[in-house]
Amino acid sequence: MPLSNFSHGSPSNWRGDMPVTNRYTFGIAGERFFRAIKDEGKIFGTHCSSCDRTYVPAAEFCERCLRQTDAWVDVGTIGEIVTFTELYIGYDGSPLEQPEIIALVRFGDGGLINRLETSQPESVEIGQQVQIVFKPASERQGSILDISHFEIINS
Ligand SMILES: [Zn+2]
């Protein structure tokens with residue numbers, strides 16, 4: 001059965017409102033990470049010199065040795081596809097006319113997940129290099145959504 005005909009017989013979501021009043025902060029590392037995306041169109045990680053690991057997204061503490069990370073590193077905007085998946089059903093539960101590719105791309109020792117836009121979805125491979133495409137500076141709001149998508153670098 002084609003995936004587009006898949007139906008599990010129950011709704012994929014429910015509509016409604018929840019009165020939530022909590023406010024979450026990015027934390028110290030997240031604040032700087034998202035500010036660099038918004039203001040500079042750059043991706044920064046944090047480095048632990050004890051473990052020689054660069055965390056992307058930036059983290060204030062090393063998850064291995066629990067020490068405070070000790071340097072900020074510009075990891076660039078080109079990364080390598082670690083894995084990817086194809087979506088045939090949209091977020092609202094309806095079939096997509098064109099499947100979307102969602103990729104995990106390595107930056108430093110971490111990675112970012114976003115849509116991969118390509119005119120040749122059948123030729124996407126693990127290990128390919130991709131470039132981050134940011135939204136125009138005037139539209140960025142300091143969130144992960146400021147990253148519009150990834151694009152494959154044609155070498
Ligand atoms: Zn460490």
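It should be emphasised that the depicted structure is a prediction, and the values quoted were computed from it without experimental measurement. Counting starts at 1 for both ligands and their atoms, in listed order. Residue numbers count from 1 along this sequence.
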Test your reading of the model: is there a side-chain donor-acceptor pair from N114 to the backbone of F150, 3.5 Å cut-off?
no
Looking at side-chain heavy atoms only, is the closest gap between Y55 and V75 below 4.5 Å?
no
Quick one: side chain to side chain donor-acceptor pair (under 3.5 Å) pairs with a partner in residues 95-104, sequence neighbours left out?
none
Under the side-chain hydrogen bond (donor to acceptor under 3.5 Å, both in side chains) rule, collect the residues that match up with R35, sequence neighbours excluded.
E31
Can you list the protein N, O or S atoms less than 2.8 Å from the Zn ion (ligand 1)?
C48 SG, C51 SG, C62 SG, C65 SG
Quick one: does I78's side chain get under 4.5 Å of F107's, heavy atoms only?
no
Any residue meeting side-chain hydrogen bond (donor to acceptor under 3.5 Å, both in side chains) with T85, in chain and number order, not counting sequence neighbours:
none
